[in-house]
Amino acid sequence: MDSYFTSRRHHQLREEVRSFAEREVLPRVPAMEESRSTAHGISRLIARQGWLGATIPEQYGGMGAGHLAKTLIIEELSRVSGAMGAMVQASQLGVAKIVHFGNEDQKKTWLPAVAAGLCLPTIAVTEHESGGHVLGMAASAVRDGEDYVLNGRKVYVGNSHVGDLHGVIVRTGPGSKGLTAFLVESDRPGFSLGEQQPAMGLHGFSFGELIFDNCRVPAANRLGAEGDGLSVAYSSSVLYGRANLTAVSLGIHQALVEETTRFCAERERYGKPLHALANVKIKLGQMQSRLMTARLAAYHAVHLLDQGVDCDAELMNAKVVNVESALDSARNAMEIHAAAGLFTNRPIERFLRDAHHIFAPAGTSDVQLLRLAEVALGTAKGSWSERLSELVRNQPPSPDQDLDWAEGSWGQVPPQRTHCAGKV
């Protein structure tokens, strides 16, 4: 199944990311778990590998490798650290808004910096009072000459405390046409961060609060026209958010299966390995079955996205299947480990905690199922993937193409053409 969707180049990229994750990220996990604060150093190190540029066209210094390559990157990082997989997936949300809605000046300014790892982008939509109801947001922007003045707060922003460039959706008028998107550098006067709150899992990743207090932003930092904010928010969530979070769940799921099978081989009962017990073996079989099905759903969805065809339903399905199956397998893993799984000397309890963090962003499972029901009933309202398909550029090479990893090929750090105007 893996080879059906992936080329030799994809496999090479997977090995590169896996090797890096085991060498550079894994040794830092205990410190991230202990501190429960933003892991600035390893976040920057990962960014400098060039992987944030997976879906950035080569003309802007990116890999131009597509969504399947991006999925492999996030998956392999999440296999070792869900927090660092989440960091990359959140950065990719920040990439989406510029790739799809940025003008040429904005693309030339920011995309090379992101691709080179000099700038970590975010997207900020959610507010305490509105939650997933995007149209209920209250944060605002008012035009004042050549600037806009932003006021309000955004919460649960991925990469909040490590991000340099925040894509912020705020209200500029009434109704669905009254939302507008802006690029806000993290060093702008009037911008600040809320205190980072310790969370259940994903230790090392930040998803906190952004505060705008008469924050003045040039009109040149507006993404698209006034009123395009809803499109920026929804397209980033549908086309990138669901696929990215699917990849995080998939990586955690892979780690759960690997660690549980390792435990079953090491631990003995009645003079035999633990996996010799029928009930344990059945649970292992269930975990493996779920993992295979989840990976098939994930790769199929992003494969279609790379082809530029209608795949909103597949992306929704991939998210719900991966999130729910990872949670089910986490429970099986804890049942097999029993009391041994409750202690932090084994990573199972970390995988369980991290898996729960992927449930809500980009729509809970209930949201995905409601939308899928609309697909079944024929009442779905349009397709974001079809609408933006003409913007999908630089498709991955076919498996039989030349595999010379020369300058500009996948996996190499893009040229450092410009610096992020925010904090680096």
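In this structure, Leu223 and Gly102 approach most closely via the heavy-atom pair CD2-CA, 3.7 Å. Between Ser186 and Phe191, the shortest heavy-atom distance links the atoms O-CD2, 3.3 Å. In plain terms, the two heavy atoms of Ala86 and Leu202 that are nearest each other are CB-CD1, 4.1 Å. When all heavy atoms of Ala225 and Asp228 are compared, the pair lying nearest together is N-OD2, 2.9 Å. Across all their heavy atoms, Met32 and Ile42 have their closest contact at SD-CG2, 4.3 Å. Taking both residues in full, the closest heavy atoms of Leu245 and Ile358 are given as O-CG2, 3.3 Å, listed atom of the first, atom of the second, then distance.
The side-chain heavy atoms of Val217 and Leu183, taken from C-beta on, include no pair separated by under 4.5 Å. Residues Leu342 and Met334 meet the side-chain proximity criterion, which asks for heavy atoms closer than 4.5 Å. Residues Leu284 and Cys264 meet the side-chain proximity criterion, which asks for heavy atoms closer than 4.5 Å.
Between the side chain of Asn317 and the main chain of Ala313, no donor-acceptor pair closer than 3.5 Å is present. Between the Arg36 side chain and the Ala199 main chain, a donor and an acceptor come within less than 3.5 Å of each other. Although no hydrogens or angles enter the test, the distance criterion places no donor-acceptor pair under 3.5 Å between the side chain of Asp306 and the main chain of Gly66. The closest donor-acceptor contact from the side chain of Ser43 to the backbone of Ala39 lies under 3.5 Å. Judged by distance alone, the side chain of Thr180 and the main-chain N or O of Gly229 form no donor-acceptor pair under 3.5 Å. With hydrogens and angles disregarded, no donor-acceptor distance shorter than 3.5 Å links the side chain of His161 to the backbone of Gly158. Judged by distance alone, the side chain of Ser237 and the main-chain N or O of Ala233 form no donor-acceptor pair under 3.5 Å. Formation of a donor-acceptor pair under 3.5 Å by the Asp312 side chain with backbone atoms of Ser385 is found in this model.
With respect to Glu374 and Arg371, a salt bridge is recorded, a charged nitrogen being found less than 4.0 Å from a carboxylate O. Using a 4.0 Å cut-off between charged side-chain N and carboxylate O, Arg331 and Glu335 make a salt bridge. Residues Arg18 and Glu15 are not paired through a salt bridge, judged by the lack of any N-O separation under 4.0 Å between the basic side chain and the carboxylate. Ionic pairing of Glu127 and Lys154 is present here: one or more N-O contacts between side-chain nitrogen and carboxylate oxygen are shorter than 4.0 angstrom. Remark: Glu33 engages Arg353 in a salt bridge, criterion side-chain N to carboxylate O under 4.0 Å. Between Glu75 and Arg79 no salt bridge is recorded (no basic side-chain N to carboxylate O distance below 4.0 Å).
Proximity of the aromatic rings of His357 and Phe207 is defined here by a centroid distance below 6.0 angstrom, and this criterion is met.
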Check against side-chain hydrogen bond (donor to acceptor under 3.5 Å, both in side chains), Asn332 and Arg290 = CA-CA 11 Å; Asn332 283 156; Arg290 290 191 201 105; 2.8 Å; yes

Test side-chain hydrogen bond (donor to acceptor under 3.5 Å, both in side chains) applied to Asn159 and Ser91, step by step = CA-CA 7 Å; Asn159 284 342; Ser91 299; 2.9 Å; yes

Assess whether side chain to side chain contact (heavy atoms under 4.5 Å, CB included) is satisfied between Ile348 and Glu259, documenting all intermediate values.
-> CA-CA 7 Å; Ile348 287 297; Glu259 182 62 26; 3.8 Å; yes

Thr246 and Arg242: side-chain hydrogen bond (donor to acceptor under 3.5 Å, both in side chains), yes or no, with the steps?
-> CA-CA 6 Å; Thr246 291; Arg242 287 170 180 165; over 6 Å; no

Can you check side-chain hydrogen bond (donor to acceptor under 3.5 Å, both in side chains) on Thr38 and Gln196, steps first, answer last?
-> CA-CA 9 Å; Thr38 305; Gln196 188 173 356; 2.8 Å; yes

Test ring pair (Phe, Tyr, Trp, His ring centres under 6.0 Å) applied to His10 and Phe5, step by step | CA-CA 9 Å; His10 286 113; Phe5 295 108; over 10 Å; no

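For the residue pair Gln92/Thr55, the side-chain donor-acceptor check at 3.5 Å is satisfied. For the 3.5 Å distance criterion, the side chains of Ser235 and His100 fail to qualify, holding no donor opposite an acceptor. Using modelled atom types and a 3.5 Å distance limit, the side chains of Glu185 and Asn221 yield a donor-acceptor pair. Under 3.5 Å, the side chains of Ser383 and Asp310 contain a donor-acceptor pair of N or O atoms. For the residue pair Glu16/Gln12, the side-chain donor-acceptor check at 3.5 Å is not satisfied.
Phe359 CZ: more than 12 foreign heavy atoms inside a 6.0 Å radius. Shown here is Glu266, whose CD atom has more than 12 heavy atoms of other residues, nucleotides or ligands within 6.0 Å. In Glu104, the CD atom is crowded: over 12 heavy atoms of neighbouring residues, nucleotides or ligands sit closer than 6.0 Å.
Screening Ser231, Cys311, Ser236 against Trp384 for a side-chain contact (heavy atoms from CB on, under 4.5 Å) leaves a single residue, Ser231.
Note that Lys70 lies in the cation-pi zone of Tyr240, set by a 6.0 Å cut-off to the ring centre and a 45° limit from the axis.
Ring planes of Trp51 and Phe20: perpendicular class, angle over 60° (limits at 30 and 60°).
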